[in-house]
Amino acid sequence: MSSYEPTRIEARWQEFWQREGTFRAVIDPSRPKYYVLDMFPYPSGDGLHVGHPEGYTATDIIARWKRMQGFNVLHPMGWDAFGLNTEQYAVRTGQHPAITTQQNCTTFRRQISALGLSYDWEREFSTTDPEYVRWTQWIFLQLYKKGLAYTSEAPVNWCPAQGTVLANEEVKDGRYVETGDPVEKRKLRQWMLRITAYAERLIADLDELDWPEGIKTMQREWIGRSEGAEVVFTVAGQPLEFTVFTTRPDTLFGATYCVLAPEHPLVERITTPAQQAEVGAYVRAAQSRSDVDRADVTREKTGVFTGACAVNPVDGRELPIWVADYVLGGYGSGAIMAVPGHDQRDWEFARAFQLPIAEVVSGGDIRQAAYTDNEDGVLVNSGLLDGLKVPEAKRRIIAWLEERGCGKGVVNYKLRDWLFSRQRYWGEPFPLLQSADGTVRAVREEDLPVQLPVLDNFKPTADGRPPLARAEDWCRVTDPDTGEVLFRETNTMPQWAGSCWYYLRFCDPRNAEQAWSPEAEAYWMPVDLYVGGQEHAVLHLLYARFWHKVLYDMGLVHTKEPFQKLFNQGMILAESYRDPRGKYLKRAEVERSGKDWIVKATSEPVESQIEKMSKSRLNVVNPDEMVGQFGADALRLYEMFMGPLDRDKPWSEEGIRGCANFLRRVWNLYVDQEDALTARIQDQAPDAVALSLLHRTIRAVSQELAEMKFNTAIARLMEFLNEAVKQDVLPRELARTYLLLLAPFAPHLAEELWNRMGHPTSLAYEAWPSWDEAHCRQSTLQVAVQVNGKVRATLEVDAVLEDEAVLQLALSHEKVQPWLAGKSLKFRKRVAPGVVSIAVG
RNA sequence: GCCGAAGUGGCGGAAUGGUAGACGCGGCAGACUCAAAAUCUGUUGAGGGCAACCUCGUGGGGGUUCAAGUCCCCCCUUCGGUACCA
């Protein structure tokens, strides 16, 4: 009757916390705040897998620890519930996405609640709630009114399989990053957000953030700032000109031809009649080439001559103008000056088409490869630049170009504007109306939110318009003042919209008048710790930072950046099994045969591998089962004990069993067979040895929590237990303090034992124990004696013994003596409290 | 190709330049049991030795140092990111 029963204990305390409102967060200016946030999940129909609780447990431990340190903690959870999966489910089954969403949120809430996470559930919301959509639309209108939202007719990423366009960030190697579906270019009128206007600040402000360097680097590279120059070339014999962007204006004298991207508007106009057919064919071929194909870098360079020439502004020389698809239409000005001597791509192209290669920077051998050094190379054959090093030559030529009005220094970015519209149903409608003459106007703020029309068919229309176009009544609006007939925008916002500001709504989630109150924002923001997966390194984090900066410029938020500290948890991997035909098998279908795995039914050999958990690989571990079998505390503990939070780690059922075992041993330390406190817990002052153990444990756990090294912190708690069970007596003071140390990690068990020790209230706000260095010291000390770097003896000495005395003991030690015999002493020093180093020669 | 991160027992992983392998899993031995499971105790890097001990050992090769898993140089492998961005 006294054994550890996690299920019972956990239900009891979860109910207690909810009833008591233990984790409700209320603004309190007298206390410092701490805002700890998880990247909120998309509630899919599959429910949670054990990867989700990893980050959630980490933030929960920090939240609980910070509360015990006196911080007023904001720790909310909600749902990023718009999105494709729910919509596709609706297309398949006809069930309305709102219903699916509600069901999925309920499942997620139940699963997450079972983990005993200390969220303030009163702040929960879904991005699909009309009240939230209202303010998402409101923020969009602020961007629109600032001129940051506009429509564009440019070629966009169209994904036929998804039936929608995608943002640049969602496409990689010509495929949709989520599904791998191929993407093609299509010209469509789309809503864009002018994120490029913030490119400079999005790079610069990264410096102040406590983020992993890798993520900062990825963002910097995505934004892709590069300094260079724009140079204007005129077309020989025609009143036409075009601009090229180059980062190496110093090599202008080395340009031997120019290249226009196939999409460049000038291509058609400058091509000579003789070249018309060839160029036309090339351009058409380039247009029909899929993005997947074009992304292949190993392809041989291709191109055609237009028959026209450009005039190099520095020396008046005529350069042939080519069209080639290695020049991208979307970057810079879609045209380049080619300097094959000093650019590897141009070099390859020149080789392929027998174009001249000129040397203008000495130091390399341009017959072998382009010489691209831009620090030490010295300019040659370059008129006024001769003899200069590259950086100085760049400055000189830019000044020269600017004086003559045929060029200027510029900064260019890879980042493009954010394609913000989707041809989907399950997203936020744009709060925009269009009149018959095509002018666009914003929906009045008091008319927000623009709610989605109720549909029973979520597919695009037969003529290819978005699903919302099916709702003809909804689309048509009459202006109450003028009686004018207006049409609603039928695109919806991408899923990123909702996650761009949810962290702000969490500060004040029930505010009906404003998206958030200035008081709440001023108190809670910024997010002090943000934990989530690395997959959002560019997408979500870049978009959210962009919106935040717009809001900052409007005076609606007081910090330049939303997320002060970012931590990326690793992935939880799991073993999967595949038969020789590549078909995945469930764990239950295979068994071990010696070192190998075989199919139980057929004894066929099976390949096993450690992979990302996914439904298709049949290796998903369900947290509900783990909680049912071992308890939430064991699941939490194991997820943290597996290894460093930021690393990928393979799941092991034996591992969680070990953690459950630890918790049971803790239980048995406190509770006896008769369900009473064990007799070893006594009101007696701890001796020096016990105090030292306790204080060293407090110190280690505190320091490791601060560094989010949860795995080693847990190891310290285990060590304490291993010592404690060896003793006949556990002084009450130690028993009490140990529970406080355990509480952030295994809160249910800690609360239960705390309660059984006679405390009627929760330990959630008990002060975190502090340590005393004086108590940490131990009376004796192990000292290793190294001779020439190898440990030859270990002595136990009094901790207060002087270095010199320890050295003498070491030198005269019987195991050390033989290593010194016949050698001369070169060096001897107590290099650390526990190490004496002796060198002989 | 470029940019990151990583490579340590049978496994997950510990180690401010200072006793490599903490802690856990697994294994082995013992206790309890009619027996098993569970639990408890001990033990567990490899090789050698009766033993005290000795030798080797952190992907590979060099180097710095009294001392290197840790710092420096070169190389290999794995995993992420990125890719004709001028």
Side-chain angles (χ1 to χ4, degrees), chain A residues 3 172-173 212-218 220-222 224-226 228 244-248 251 259 261 294-299 301 324-328 330-339 342-346 348-349 412-416 534-535 537-538 568 570-571 573 595 637-638 641-644 646-659 661-662 664-665 668 700 709 711-719 721-722 725-726 782-794 814-815 825-841:
Chain A
S3 59
K172 195 205 154 193
D173 294 338
E213 272 313 311
I215 301 294
K216 289 194 197 181
T217 304
M218 282 165 69
R220 283 193 196 101
E221 286 177 355
W222 187 265
R225 183 181 197 278
S226 63
V244 306
F245 173 71
T246 175
T247 56
R248 293 293 304 274
T251 62
V259 185
R294 196 164 167 171
D296 179 13
V297 193
T298 58
R299 241 172 67 228
K301 296 234 174 340
D325 67 2
Y326 83 92
V327 172
L328 307 174
Y331 181 75
S333 53
I336 63 156
M337 64 175 204
V339 185
H342 306 285
D343 180 286
Q344 191 57 28
R345 294 153 304 184
D346 297 342
E348 285 163 17
F349 190 81
N412 214 337
Y413 300 92
K414 276 200 280 186
L415 183 71
R416 323 280 170 78
Q534 219 180 346
E535 65 273 22
V538 176
N568 293 118
M571 238 185 311
L573 311 171
K595 279 205 95 155
L637 204 67
Y638 176 56
F641 186 62
M642 289 170 86
D646 56 358
R647 286 242 278 269
D648 292 349
K649 301 162 288 268
W651 180 265
S652 141
E653 189 145 328
E654 280 69 42
I656 187 173
R657 198 164 279 135
C659 286
N661 191 33
F662 163 71
R664 192 179 39 68
R665 292 175 67 216
N668 289 337
K709 288 161 74 173
N711 54 330
T712 52
I714 292 166
R716 298 297 154 248
L717 293 171
M718 290 174 168
E719 283 177 48
L721 177 73
N722 291 343
V725 296
K726 286 181 193 156
Q782 301 259 311
V783 178
V785 184
Q786 297 178 342
V787 181
N788 289 349
K790 287 196 199 301
V791 177
R792 297 303 180 184
T794 308
E814 54 168 359
K815 285 181 187 165
L825 196 61
K826 290 201 307 195
F827 173 93
R828 34 154 244 169
K829 191 179 178 194
R830 190 178 190 185
V831 292
V835 182
V836 164
S837 184
I838 298 167
V840 293

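Throughout, protein chains are lettered first and strands after them, A, B, ... in sequence-line order, and every chain is numbered starting at 1.
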Residue whose nearest RNA chain B nucleotide is more 5′ - A:Lys172 or A:Ser226: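 With A:Ser226 and A:Lys172 compared, the 5'-side residue is A:Lys172.
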Heavy-atom nearest nucleotide on RNA chain B for A:Met642 versus A:Asp325: which residue maps closer to 5'?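 The residue closer to the strand's 5' end, by nearest nucleotide, is A:Met642.
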Check every atom of B:C84, B:A6, B:A83 against the side chain of A:Arg647 and return the nucleotide holding the closest atom.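 Looking only at heavy atoms from C-beta outward on A:Arg647, the closest nucleotide is B:A6.
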Against A:Met337, only a single residue in A:Val244, A:Val259, A:Asp343 fulfils side chain to side chain contact (heavy atoms under 4.5 Å, CB included); can you say which?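 Exactly one option meets the side chain to side chain contact (heavy atoms under 4.5 Å, CB included) with A:Met337, and it is A:Val244.
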With a 4.0 Å cut-off on heavy atoms, is [X] in touch with a base, just the backbone sugar-phosphate, or nothing at all?
{"X": "A:Lys826", "value": "nothing"}
{"X": "A:Arg664", "value": "sugar-phosphate"}
{"X": "A:Arg830", "value": "nothing"}
{"X": "A:Asp646", "value": "nothing"}
{"X": "A:Val327", "value": "base"}

For the [atom1] atom of [X] and the [atom2] atom of [Y], what is their distance to the nearest 0.5 Å?
{"X": "A:Ile838", "Y": "A:Lys790", "atom1": "CD1", "atom2": "NZ", "value": "15.0 Å"}
{"X": "A:Ser226", "Y": "A:Tyr413", "atom1": "OG", "atom2": "OH", "value": "9.0 Å"}
{"X": "A:Leu637", "Y": "A:Asn661", "atom1": "CG", "atom2": "CG", "value": "11.5 Å"}

For the pair made of [atom1] in [X] and [atom2] in [N], what is the distance, rounded to whole Å?
{"X": "A:Lys790", "N": "B:A68", "atom1": "NZ", "atom2": "P", "result": "9 Å"}
{"X": "A:Asn788", "N": "B:A68", "atom1": "CG", "atom2": "P", "result": "11 Å"}
{"X": "A:Asp173", "N": "B:G1", "atom1": "CG", "atom2": "C1'", "result": "14 Å"}
{"X": "A:Lys414", "N": "B:A83", "atom1": "NZ", "atom2": "C1'", "result": "8 Å"}
{"X": "A:Lys649", "N": "B:G7", "atom1": "NZ", "atom2": "P", "result": "14 Å"}

Write down the atom of [X], the atom of [Y], and the distance for their closest heavy-atom approach.
{"X": "A:Asn722", "Y": "A:Lys726", "answer": "O-CG, 3.5 Å"}
{"X": "A:Ala537", "Y": "A:Ile215", "answer": "CB-CD1, 3.5 Å"}
{"X": "A:Cys659", "Y": "A:Tyr638", "answer": "SG-CA, 3.5 Å"}
{"X": "A:Ile714", "Y": "A:Phe641", "answer": "CG2-CD1, 3.7 Å"}
{"X": "A:Ala784", "Y": "A:Val791", "answer": "CB-CG1, 4.2 Å"}
{"X": "A:His342", "Y": "A:Thr251", "answer": "CB-CG2, 4.2 Å"}

Answer yes if the side chains of A:Asn412 and A:Arg225 hold a donor-acceptor pair under 3.5 Å, and no otherwise.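 The criterion, which ignores hydrogens and geometry beyond distance, is not satisfied for A:Arg225 and A:Asn412.
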Separation between the [atom1] atoms of [N] and [M], rounded to whole Å:
{"N": "B:A22", "M": "B:U44", "atom1": "P", "result": "10 Å"}
{"N": "B:G9", "M": "B:A5", "atom1": "C1'", "result": "23 Å"}
{"N": "B:G4", "M": "B:C54", "atom1": "P", "result": "44 Å"}
{"N": "B:G7", "M": "B:A15", "atom1": "P", "result": "12 Å"}
{"N": "B:C40", "M": "B:G21", "atom1": "C1'", "result": "25 Å"}
{"N": "B:U58", "M": "B:G13", "atom1": "C1'", "result": "13 Å"}
{"N": "B:U8", "M": "B:C56", "atom1": "C1'", "result": "15 Å"}
{"N": "B:G69", "M": "B:U16", "atom1": "P", "result": "13 Å"}

Using Watson-Crick and G-U wobble pairs with both distances under 3.5 Å, what is the 5'-to-3' dot-bracket string of RNA chain B, with [ ] for crossing pairs and | for pairs outside the strand? (((((((..(((.....[....)))((((((.......))))))((((....))))..(((((..]....))))))))))))....
Sugar-phosphate or base contact per nucleotide [nucleotides 16-31 of chain B; S, B, -; heavy atom under 4.0 Å]: --BB--BBSS------
Test the A:Lys301-A:Tyr326 pair against the cation-pi criterion, namely NZ or CZ under 6.0 angstrom from the six-membered ring centroid and within 45° of the ring axis.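 Here A:Lys301 passes the 6.0 Å and 45° test against A:Tyr326.
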Can you tell me whether the base of B:G49 sits syn or anti, using the 90° cut around 0 to define syn?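 Anti conformation here, the glycosidic angle of B:G49 being more than 90° from 0.
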Side-chain N or O of A:Arg792 closer than 4.0 Å to phosphate OP1/OP2 of B:U55: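 Yes, such a contact exists.
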Protein N or O to nucleotides 47-53 of chain B N or O, pairs below 3.5 Å:
residue, atom, partner, partner atom, Å
B:C53, OP1, A:Lys815, NZ, 2.6

Could you go through the side-chain contact (heavy atoms from CB on, under 4.5 Å) check for A:Leu573 and A:Asp648 one step at a time? CA-CA 7 Å; A:Leu573 311 171; A:Asp648 292 349; 4.0 Å; yes
